Amino acid sequence: MHTLDTLAATIAARATAEPDSSWTAKLLAKGPEKCAEKFGEEAIEAIIEAVKDDKDALTSEAADVLFHLLVMLQSRGVTLGDVCAELDRRAGTSGIAEKAAR
């Protein structure tokens with residue numbers, strides 16, 4: 001099992017936990033909007049570190065982005081498998097062609 005699969009499974013399991021027992025459960029209990037807000041905050045922090053060219057800080061922030069992306073997806077019932085299936089569907093298609101098809 002890949003690290004992201006394991007993380008997604010952990011997030012899914014914590015979705016039903018008591019909010020006082022888990023940061024993930026607490027965040028999910030606040031609803032999809034709060035999950036999206038937190039994801040956005042983490043994405044901005046990653047952008048800042050990328051611009052500053054701080055590899056270690058960017059690595060840390062990227063991990064936060066991936067975690068909060070998975071929490072946001074969980075909050076809306078979208079699985080990592082759903083996202084991977086979409087990526088598989090797009091594989092082999094030029095990004096330019098894919099955008100033009102939208």
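Only heavy atoms go into these numbers, but all of them, side chains included; no hydrogens, no water, no symmetry mates. Just so you know, these numbers come straight off a predicted model, no measurement behind them. Index from 1, following the sequence.
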Handout entry: Shared hydrophobic cluster for Val51 and Val65 (ILVMFWY, side-chain gaps under 4.5 Å)
Key =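 Not linked; separate clusters.
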Exercise for the section: Indicate if Val78 and Leu4 have the same hydrophobic cluster label, given that clusters are the connected sets of ILVMFWY residues with side-chain heavy-atom separations under 4.5 angstrom. Expected result: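 Yes, same cluster.
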Donor-acceptor list for residues 56-63 side chains, cut-off 3.5 Å, not counting sequence neighbours:
from	atom 1	to	atom 2	distance (Å)
Thr59	OG1	Lys55	O	2.8

N/O donor to acceptor pairs below 3.5 angstrom from side-chain atoms of residues 19-28, sequence neighbours left out:
from	atom 1	to	atom 2	distance (Å)
Ser21	OG	Glu18	O	2.6
Ser22	OG	Thr24	N	3.2
Ser22	OG	Ala25	N	3.1

Exercise for the section: Can you run down the salt bridge (Lys or Arg N to Asp or Glu O under 4.0 Å) pairs that involve residues 69-83, sequence neighbours left out, and say none if there aren't any? Expected result: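 Every pair satisfying salt bridge (Lys or Arg N to Asp or Glu O under 4.0 Å) with a residue in residues 69-83: Glu33-Arg76.
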Problem - salt bridge (Lys or Arg N to Asp or Glu O under 4.0 Å) contacts in which one or both residues fall within residues 37-47, not counting sequence neighbours - result: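 Those involving residues 37-47 are Lys34-Glu37, Lys38-Glu41, Lys38-Glu42.
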Under 3.5 Å, which donor-acceptor pairs link side chains of residues 67-75 to any protein atom two or more places apart or in another chain?
from	atom 1	to	atom 2	distance (Å)
His68	ND1	Asp64	O	2.9
Ser75	OG	Met72	O	2.6

Practice task
Mind checking side-chain contact (heavy atoms from CB on, under 4.5 Å) for Lys52 and listing every partner two or more places apart, or none if nothing turns up?
Solution key: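 Scan of Lys52 (side-chain contact (heavy atoms from CB on, under 4.5 Å), adjacent residues dropped) gives Ile48, Glu49.
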Exercise for the section: Evaluate whether atom CG of Asp53 has more than 12 neighbouring non-hydrogen atoms of other residues, nucleotides or ligands under 6.0 angstrom away. Expected result: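 Open.
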